[in-house]
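The basis for the numbers below is simple: all heavy atoms, side chains too, and nothing from hydrogens, waters or symmetry mates. All chains are named by letter (A, B, ...) in the order of the sequence lines, taking the proteins before the strands, and each is independently numbered beginning at 1.
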Amino acid sequence: MLELKGESIFKSRAYQKAARSIELLSEDVDKLVAEDRLKEIPGVGEAISKKLTELVTTGHLEYYEKLKGEFPPGINILMEIPGIGPRTALLLSKELGIADIDALEKAIEDGRVTALPRMGEKTAQNILHQIKAYRKKKSEQRVPLAIALTAAEGLLKEMSAVPGLRRLSLAGSLRRFRDTIGDIDMVGTSDHPQKSLEACIHLPAVKELQEKGPTKASVIIANGLQIDLRLVENDSFGSALQYITGSKQHNIDLRTRAERLGLSLSEYGITDQAAGTLEKFSSEETFYLRQGLDYIPPEIREGQHEIELAEQHALPHLIELPDIRGDLHMHTDWSDGAASLEDMVIAARGRGYRYVAVTDHSPGLGIAGGLTLDRLRQQLELISELNRKFPDIRIFSGMEVDIRANGTLDVPDEVLAKLDVVIASVHSALNQGREQMTQRLISAVSHPHVDILGHPTCRLLGEREPVEVDMEAVFRAALAHHTALEINAMPSRLDLKDTHIYQARQMGVKLIINTDSHHPEHFNFMRLGIGIARRGWCTAKDILNTLQSNEFKASLKS
DNA sequence: GCCGTTTTCGGCCCGACTGTTTTCAGTCG
């Protein structure tokens, strides 16, 4: 609305910057308001801090309501259509009185839109097309990371056969391992960019062409995902990959800093502004190095304080997949898993793990074939037997115990005491209020036999919102009782999420990355867990299952 | 509206693609 009003573009940009900072915050805004610390948020100054305070304390913002009153209704809705920005929205509203998408569709169909200045037939048809896509997309929204990753890797394979293509990499939010993905960005180099691009848009996977220029094309693939492909000269691959990987805020911070050094950054390289010369970079490492910065891993390029630390050579060494020595959450055909206990152990062993925990469901989850205590005793015998059979991997006994609505566990203490690893998780009564849920999780992590809190917020990406809970209070309790919090790497969960991981790690809470495997193939999910742990700035020492077997056992509470 | 080893005023990342005009505005990432 500020843009429509003709206010300085930098004013609306300031609000956007502040909004992004708040999204990345690991603390509650409410808390910062209460403690009068809003101005610590980058991009929040006097004015925005006042407005945030009003919004948080009253649930209402006078400034916003007043602003809204100055415009015809529906302008914001029009701007949700790709291709319609503030100028076009205002034009449509002022000239034709259009206030919603249906009216816009009608106006295009009867030719009123084409009659406007700078609006031709093609523009009108494009908007019509975008309206259809928008209506479809509204129900789909962003796609979970794993789905986009699988699609992207399939596509990379197909593209490796395209003639002329040399280097090719994923970029954008997918490369940064964000938990949900809007579209898939790729960067490549080619000896014949035009020809290669042409070949790419005709790949079997491509369903629809969005746009295509000499160096860039956008297509839609079969599952509805949009792919943006950019081709550059081989010499510029490093700067292009960096630029397209983002994030937006990271790039703005980087370029602002470069400006002070007399340098101008673009996807083509670095221009020395005094000399007017362009220097090209074929790798990201040299691109960062030229600016006096250490290499910054994609997962933490979010415009927090990564540039400052890269400048001081003080970035942490983030955890990597080979650091993981065991997986402590899996299900077998004793409950709802798909494979036998032995096959699951063999799969874990095949990945080079030194230890695993067998954690089938407890009796409370009848629906998931939860183990009766009698069956558990039988399983413990089998585990002893397999421990003798496979001396090169330690098999811990365990259970994923259900946290009842009142915070108690559905397995007696004397049984839990016999197990090596106890995970406690919420599976029911997910709609409890914040107070009650917080108390429930605190009871669980405070329990003397609970080693790990499983999938703490119970979210399912694109399906179910996280439970209402004061995570910081849960972190404090976990810290006090030496209970680890799980980073559940199942594609649909990724729970804890990145900002929670960041906060928990800073507080000193121990974390553990588990796949919650129900099938031997599921152990592959570990790399997703690693990705979001890296987004939370985790090093190997922040994650318990990087420890050696004996050290790991010793680190557990029980 | 924010922010400061150039600054409390005057800057604010930079370029591609489309469509409609004939040199560029609007939008997007």
Side-chain angles (χ1 to χ4, degrees), chain A residues 2-5 7-21 38-52 63 67 78-92 113-127 129-130 171-174 176 181-187 193 197 209-219 226-232 236 239-240 242-271 273 278 291 303 307-308 311:
Chain A
L2 290 173
E3 283 176 33
L4 289 169
K5 215 177 151 186
E7 287 273 5
S8 157
I9 184 73
F10 299 108
K11 195 187 255 196
S12 51
R13 214 169 272 175
Y15 279 95
Q16 288 167 357
K17 183 180 155 82
R20 273 194 303 269
S21 292
L38 284 174
K39 286 192 192 165
E40 291 175 16
I41 305 172
V44 173
E46 190 61 41
I48 293 183
S49 135
K50 267 174 121 170
K51 294 190 177 76
L52 272 175
Y63 177 69
L67 204 51
L78 295 181
M79 278 170 55
E80 286 179 26
I81 303 292
I84 298 185
R87 302 241 76 90
T88 311
L90 194 60
L91 183 73
L92 290 167
V113 169
T114 324
L116 295 171
R118 289 196 68 86
M119 297 289 276
E121 186 57 30
K122 276 199 156 178
T123 308
Q125 286 309 314
N126 187 35
I127 293 174
H129 182 77
Q130 292 296 348
S173 54
L174 192 50
R176 302 199 315 276
I181 304 297
D183 56 25
I184 296 173
D185 293 294
M186 294 184 177
V187 189
L197 213 51
L209 178 64
Q210 293 282 94
E211 62 179 39
K212 178 184 158 298
T215 68
K216 187 181 157 182
S218 291
V219 300
Q226 177 170 324
I227 316 288
D228 289 343
L229 173 64
R230 180 76 180 270
L231 292 182
V232 296
S236 294
S239 46
Q242 193 288 321
Y243 163 65
I244 293 166
T245 296
S247 68
K248 191 181 181 71
Q249 191 57 47
H250 175 79
N251 284 356
I252 290 174
D253 292 350
L254 208 58
R255 288 175 181 204
T256 305
R257 176 179 176 276
E259 179 80 28
R260 287 203 304 270
L261 303 174
L263 304 173
S264 172
L265 311 183
S266 80
E267 56 265 56
Y268 298 110
I270 300 180
T271 306
Q273 287 171 325
L278 175 70
Q291 301 168 56
I307 292 174
E308 199 184 324
E311 191 173 61

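Each of A:S12 and A:D185 has a nearest nucleotide on DNA chain B; the 5'-most of these lies closest to A:S12.
Between the A:S12 side chain and the A:L2 main chain, no donor and acceptor come within less than 3.5 Å of each other. For the pair A:D185 (side chain) and A:A171 (backbone), a donor-acceptor distance under 3.5 Å is absent.
Within 4.0 Å (heavy atoms only), A:I84 reaches sugar-phosphate atoms of the nucleic acid but no base atom. At the heavy-atom level, A:L265 lies under 4.0 Å from the strands shown only through sugar-phosphate atoms. Across all strands, A:K248 comes closer than 4.0 Å to base atoms (heavy-atom distances). At a threshold of 4.0 angstrom between heavy atoms, the contacts of A:S218 with the nucleic acid are absent. Residue A:K50 is out of contact with every strand shown, counting any heavy-atom pair closer than 4.0 Å. Nucleic acid contact for A:I81: sugar-phosphate only, since backbone atoms but no base atoms lie under 4.0 Å from a heavy atom of the residue. In this structure, A:Y243 reaches the bases: a heavy-atom distance under 4.0 Å links it to at least one base atom across the strands shown. Among the protein residues, A:K17 comes within range of no part of the nucleic acid, since none of its heavy atoms lies under 4.0 Å from any strand. Backbone-only engagement by A:E259 is indicated by non-hydrogen atom pairs under 4.0 Å involving sugar-phosphate atoms exclusively. Looking at heavy-atom distances under 4.0 Å, A:R87 makes contact with sugar-phosphate atoms alone, never a base.
Contact annotation: A:S266 side-chain N/O to B:dC13 OP1/OP2 distance is not under 4.0 Å. Side-chain nitrogen and oxygen atoms of A:T123 include at least one within less than 4.0 Å of the OP1 or OP2 phosphate oxygen of B:dT20. Between A:Y268 and the phosphate of B:dC13, there is no side-chain N or O to OP1/OP2 separation shorter than 4.0 Å. Phosphate proximity of B:dT18 to A:R118: absent, as no side-chain N or O sits under 4.0 Å from OP1 or OP2. Between A:T256 and B:dC14, a side-chain N or O to OP1/OP2 separation shorter than 4.0 Å is absent.
Here, B:dG29 and B:dC13 have their C1' atoms 12 Å apart, quoted to the whole Å. Spacing of C1' atoms, B:dC12 relative to B:dT7, comes out at 13 Å, to the nearest Å. Atom name C1', nucleotides B:dT8 and B:dC3: the rounded distance is 9 Å, in whole Å. Comparing the P positions of B:dT6 and B:dC17 gives an interatomic distance of 36 Å, to the nearest angstrom. As rounded to the nearest Å, B:dG26 and B:dT21 have C1' atoms that lie 13 Å from one another.
When all heavy atoms of A:D183 and A:S173 are compared, the pair lying nearest together is O-OG, 4.4 Å.
Considering A:H129, A:E121, A:K122 in turn, A:E121 is the only one that fulfils the side chain to side chain donor-acceptor pair (under 3.5 Å) rule with A:Q125.
Across all strands shown, B:dT8 forms no Watson-Crick or G-U wobble pair with both distances under 3.5 Å.
Between the CD atom of A:Q16 and the P atom of B:dG1 there is a distance of 14 Å, given to the nearest Å. Rounded to whole Å, atom P of B:dT27 lies 19 Å from atom CG of A:D228. At whole-Å resolution of the value, CD in A:Q249 and C1' in B:dC12 are 12 Å apart.
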